[in-house]
Amino acid sequence: MEISQLVAKREQLQYELNTENQRGAVKDGAKVTQLENDIKAIDITIEEQGKAEELQVVTAEAAKFMESLDFGGNDIKDLFINYSEEKAIVSYEYVNAVIQNAVAKMKQAELANQKTLESTISALQEKYNQSEAANEQLNIELSNKTLEIVDLNSRITNATRLLDEEKVEVERLKSQVDDLRNEIALGAAAAIKVEEVDVRSAHEKWLEQRKKEEDAKPIIYDISWKDDIRRDTYVAKLAATDEKIEFPYYAMNGNIEEPTTMKGKYRVVSKEDTEPFRTAYLEEQERNHEDMAQHSSVEDELVTVPAFREDSDSTTSGLDQTYASSEVAGSEVSREEFEALKSTVKRLESAVFTVREVA
């Protein structure tokens, strides 16, 4: 396998290794170990093949270099056939000059290639840095998406539970309707009409009860997420008092983008519709203060109990004389004592009326 293919294979294995490591605690340890071993084996193979190819290139370049030397059309071997020391010196200087000139040209080409490689490496390093920054951002987004998925799974679980409860309630109502239908089928025509009226009445009562429950719910507005990333808690304001409250996400169902359609523990209204509830709350508070003040005034009020008039009836006259002769007649008593006396008199008068009927 060529080095380019090995490099491509290594990049693929490294990508798989990075992906597996990003899974954190749920990663496959055996797979990670296998991928790391495969990458090390490819690195060793690349290094060995690189050395072999480098040796081949050096050998080829040396041969090419020697072939590229120009000695003016003369065979290089003839230059070393010397018949005198002077001729040997001249041959050496000639060969040396040719080689130095060729080496200088090679060095210039090498320096040019080195500058090109440095420029390429710098560009690749910049691209790598950008890729690292992008990868870090993707990791952050992946973490956020993971949290969103966990939150959505929790919502789905909660919604499923609510749906199951609704299904149970529907089945119960269907069973109740079936029972009523069976009773109607066994009865007479008149009874059928009565049962039908009762069913409608029960349905109306059920609707009325549901409306009462809905009206009794606290009214809120300006609902939003406390944390837009976690999305596990709502914040809102009470329509009556503008008090800020918090409650868990499962207390309400629906689209927060259309808050007035949401259902659950609270009833949601728009900010423009909160004024009647605030006004009603203030009026109720004012009435409570007035009732408390009036109740305090009534408890402190003293009343005068008049003497009872005599009646022709002996029993009634005896009662009047008894109360007229007591210390209560004409004296000041509290409202509670007065009401107690009135109740006693009514009870005695009722007893006298009963005795008269018997007589």
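Counting heavy atoms from C-beta on, the side chains of Val268 and Met252 come closer than 4.5 Å. With contacts defined as side-chain heavy-atom distances shorter than 4.5 Å, the pair Leu180/Glu183 qualifies. By the 4.5 Å heavy-atom criterion applied to side chains, Leu17 and Glu36 are counted as neighbours. Contact check for His203 versus Val177: no side-chain heavy atoms found under the 4.5 Å cut-off. Asp179 has its side chain within reach of Ser175: a pair of non-hydrogen atoms, C-beta onward, lies under 4.5 Å apart. Using a 4.5 Å cut-off on side-chain heavy atoms (C-beta onward), Asn21 and Val32 make contact. Proximity of Lys51 to Glu47: side-chain heavy atoms (C-beta onward) are separated by under 4.5 Å at one or more points.
In this structure, Tyr281 OH and Leu238 CG are separated by 9.5 Å, a value rounded to the nearest 0.5 Å. Once rounded to the nearest 0.5 Å, the distance linking CG of Leu147 with CG of Leu152 reads 11.0 Å. Note that CG of Asn18 and CG of Leu13 are 11.0 Å apart. Values are rounded to the nearest 0.5 Å. Tyr128 OH to Asn135 CG: the interatomic distance, rounded to the nearest 0.5 Å, is 9.0 Å. Between the OG1 atom in Thr33 and the CG atom in Asp28 there is a gap of 8.5 Å [rounded to 0.5 Å]. Atoms OG1 and CD, from Thr19 and Gln14 in turn, are 10.0 Å apart once rounded to the nearest 0.5 Å.
By the criterion of side-chain heavy atoms lying less than 4.5 angstrom apart, applied directly or through intervening Ile, Leu, Val, Met, Phe, Trp or Tyr residues, Ile219 is not grouped with Ile245; the two fall into different hydrophobic clusters. No continuous path of hydrophobic side-chain contacts links Phe277 to Leu282 [ILVMFWY only; heavy atoms under 4.5 Å].
A donor-acceptor pair is defined here as one N or O able to donate and one able to accept, closer than 3.5 Å; such a pair exists between the side chain of Asn288 and the backbone of Glu284. Not one N or O on the side chain of Ser122 forms a donor-acceptor pair closer than 3.5 Å with the backbone of Glu118. In this structure, the side chain of Lys217 engages the main chain of Gly264 through a donor-acceptor pair within 3.5 Å. A donor-acceptor contact shorter than 3.5 Å is absent between the side chain of Ser154 and the backbone of Val150. Checked by atom type and distance alone, the side chain of Asn182 pairs as donor or acceptor with a backbone atom of Asp178 at under 3.5 Å. Under a 3.5 Å cut-off, the side chain of Ser119 and the backbone N or O of Lys115 do not form any donor-acceptor pair.
Partners of Val235 by side-chain contact (heavy atoms from CB on, under 4.5 Å), not counting sequence neighbours, listed by chain and number: Ser224, Lys226, Lys244, Glu246. Residues satisfying the ring pair (Phe, Tyr, Trp, His ring centres under 6.0 Å) criterion with Phe247, sequence neighbours excluded, are Tyr234, Tyr266. Applying the salt bridge (Lys or Arg N to Asp or Glu O under 4.0 Å) test to Glu169 and every residue at least two apart in sequence or in another chain returns Arg172.
Residue Glu141 places its CD atom among more than 12 non-hydrogen atoms of other residues, nucleotides or ligands, all under 6.0 Å distant. By the neighbour-count criterion of 12 heavy atoms within 6.0 Å, atom CD1 of Ile229 is sparsely surrounded, having that number or fewer from other residues, nucleotides or ligands.
Sequence neighbours left out, the pairs with a member in residues 155-168 that pass salt bridge (Lys or Arg N to Asp or Glu O under 4.0 Å) are Asp151-Arg155, Arg161-Glu165. For residues 261-277, the set of pairs meeting the salt bridge (Lys or Arg N to Asp or Glu O under 4.0 Å) definition, not counting sequence neighbours, comprises Glu275-Arg278. Listed by first and then second residue, the ring pair (Phe, Tyr, Trp, His ring centres under 6.0 Å) pairs involving residues 85-107 are Phe71-Tyr94 (not counting sequence neighbours).
Tyr221 and Asp242 form a side-chain donor-acceptor contact under 3.5 Å, judged by distance and modelled atom types alone. Checking Glu148 against Asn144 by side-chain atom types alone, no donor-acceptor pair falls below 3.5 Å. Side-chain contact annotation: Gln34 with Asp38, donor-acceptor N/O pair under 3.5 Å present. Using modelled atom types and a 3.5 Å distance limit, the side chains of Gln12 and Glu16 yield a donor-acceptor pair.
Salt-bridge annotation for Arg23 and Glu20: present, with a side-chain N of the basic residue lying under 4.0 Å from a carboxylate O of the acidic one. A salt bridge is defined here as a Lys NZ or Arg NE, NH1 or NH2 lying under 4.0 Å from an Asp or Glu carboxylate O, and Glu208 with Lys212 meets this definition.
The two atoms that bring Met262 and Ile256 nearest to each other are SD-CA, 3.8 Å, heavy atoms only. Between Thr261 and Asn255, the shortest heavy-atom distance links the atoms OG1-O, 4.3 Å. Residues Trp225 and Asp232 share a closest heavy-atom pair of CZ3-N, 4.1 Å. Contact detail for Thr260 and Ser270: the closest heavy-atom pair is CG2-N, 3.8 Å.
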